[in-house]
Amino acid sequence: MAEIIDGKLVSNKLREELKVEVANFKNEFGITPGLAVIMVGDNPASAVYVRNKHKACADVGITSYQIELPTETSEDELLSKIDELNADKNVHGILVQLPLPKHISEEKVINRICADKDVDAFHPINVGKIMIGNYSFLPCTPAGIMELLRYYNVDITGKKCVVVGRSNIVGKPMALLLLEKHGTVTVCHSRTRELSEITKAADILVVAIGKAGFLTADMVKDGAVVIDVGINRLPDGRLSGDVDFEAVAEHASLITPVPGGVGPMTITMLLKNTLTAAKSAAMG
Ligand code: NDP
């Protein structure tokens, strides 16, 4: 039976450390790190995420600015808002909650955020820096997973790492971070053939596809470390990951639950990135 990776525990520990670091930074520089979160429209799921981000900021002493714009906001209006925040010295991190309404190009919006304030690490400059291993920010979800692996002493060097999902937000950067830590990485996606043959060979398996209970026990090797990124809402309202948790836990050595695994780490990494951005701004 697998040991359960407690994302809440690790996240709380990191937040306690961040709280101290933020306080020290304020004392030294007289600057309070600031995060601006822009939400366009009234997607209920986004509203929950945004509320959680503001609360998490308050808990560690980061000032958060909540910018709520109506669904009919034009692309130009949103881009001007970003320009304003790019120029605002009190704002060190800018995040635009995705998805955006269809009439706004996510790419244009991401590209407009000043790379130094791009705490999601989605800007092409930051993506490129991750590719060459010389980065300031890491995207929050993969970075949170790396922290979990570190906390649970999972050695990555030489291990067969399989990432299922190749999104720009999770799958691709996850693969790069595992590669950086000397894993031997395979990335799978919807066109992958004989997926279960590949997942069954994995020592470390990260699943990020958005399909409830997709990864079943027969797809996992005994003793594998299984990281479930998925967040899926079941018809009865409960949350489920991409992994058939109960059955896979019988085989894995370590496994993340949903909720309480990867999710809490994502916001914690956002706080960390905001502090990093504030520090770089203060030190020039
Ligand atoms: P995307 O929809 O952007 O990407 C899904 C990926 O899964 C694609 O690469 C797709 O392949 C692949 N995929 C879909 N179906 C299959 C299949 N049957 N077999 C193999 N691969 C498949 O999703 P995200 O990466 O943004 O998110 C993935 C999940 O993680 C979602 O549930 C999301 O809610 C959750 N999430 C959780 C976070 C957290 O903090 N815990 C943060 C971000 C996301 P292809 O490219 O070929 O289409």
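Counting starts at 1 for both ligands and their atoms, in listed order. No hydrogens, no waters, no symmetry mates; every other heavy atom, side chains included, goes into these values. All figures in this text were calculated on a predicted structure; none of them were measured in a lab.
When all heavy atoms of D242 and D228 are compared, the pair lying nearest together is N-OD1, 2.7 Å. Considering all non-hydrogen atoms of both residues, I156 and L149 come closest at CD1-CD1, 4.0 Å.
Considering SG of C140 and CD1 of I267, their distance stands at 9.0 Å, rounded to 0.5 Å. Taken to the nearest 0.5 Å, the CD atom of E197 stands 11.5 Å off from the SG atom of C188.
With a 4.0 Å heavy-atom cut-off, ligand 1 is reached by the backbone of I209 and by its side chain too. If you look at K211 next to ligand 1, the close heavy atoms, those under 4.0 Å, all belong to the side chain. Only the side chain of T141 comes within 4.0 Å of ligand 1, counting heavy atoms alone; its backbone N, CA, C and O stay farther away.
In terms of protein heavy-atom proximity, atom 21 (N) of ligand 1 is closest to H189 C, 3.1 Å. Protein heavy atom nearest atom 25 (O) of ligand 1, with residue, atom name and distance: S167 OG, 2.5 Å. For atom 46 (O) of ligand 1, the closest non-hydrogen atom on the protein side is R166 NE, 2.7 Å. In this structure, the protein non-hydrogen atom closest to atom 33 (C) of ligand 1 is I231 N, 4.2 Å. Remark: minimum distance from atom 35 (C) of ligand 1 to any protein heavy atom is reached at V229 O, 3.4 Å.
Polar contact check, G165 against ligand 1: no nitrogen or oxygen pair lies under 3.5 Å apart. The shortest N/O to N/O separation between S190 and ligand 1 falls below 3.5 Å.
Atoms of ligand 1 found under 4.0 Å from any heavy atom of V170 (numbered from 1 in listed order, with element): 25 (O), 43 (C), 44 (C). For ligand 1, the atoms sitting less than 4.0 Å from at least one non-hydrogen atom of N232 are 32 (O), numbered in the order shown with element in parentheses. Counting atoms of ligand 1 from 1 in the listed order, those under 4.0 Å from a heavy atom of F214 are 17 (C), 18 (N), 19 (N). Interface atoms of ligand 1 facing G210, defined by a heavy-atom separation under 4.0 Å, are 28 (C), 29 (C), 31 (C), 32 (O). The distance from ligand 1 to the heavy atoms of T266 drops below 4.0 Å at these ligand atoms: 39 (C), 40 (O). Atoms of ligand 1 found under 4.0 Å from any heavy atom of V262, numbered from 1 in the order shown, are 41 (N).
Atom NZ of K53 sits in a crowded spot, with more than 12 heavy atoms from other residues, nucleotides or ligands closer than 6.0 Å. The environment of CG in N27 is crowded: more than 12 heavy-atom neighbours from other residues, nucleotides or ligands sit within 6.0 Å. Within a 6.0 Å sphere centred on NZ of K160, heavy atoms belonging to other residues, nucleotides or ligands number 12 at most. No more than 12 heavy atoms of other residues, nucleotides or ligands lie within 6.0 Å of NZ in K19, so this atom counts as exposed by the packing criterion.
Using a cut-off of 4.0 Å between Lys/Arg side-chain N and Asp/Glu carboxylate O, E16 and K13 are scored as not salt-bridged. Under a 4.0 Å N-O distance rule, the pair R112/D83 qualifies as a salt bridge.
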Evaluate side-chain contact (heavy atoms from CB on, under 4.5 Å) for V243 paired with V220, printing each intermediate quantity in order. CA-CA 10 Å; V243 173; V220 180; over 6 Å; no
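When distances from atom 27 (O) of ligand 1 to the protein are checked, no heavy atom turns up under 4.0 Å.
Proximity of G263 to ligand 1 is established by a heavy-atom distance of less than 4.0 Å. Using 4.0 Å as the threshold, A208 has a heavy atom nearer than that to some atom of ligand 1.
Donor-acceptor pairing under 3.5 Å is lacking for the side chains of S74 and D76.
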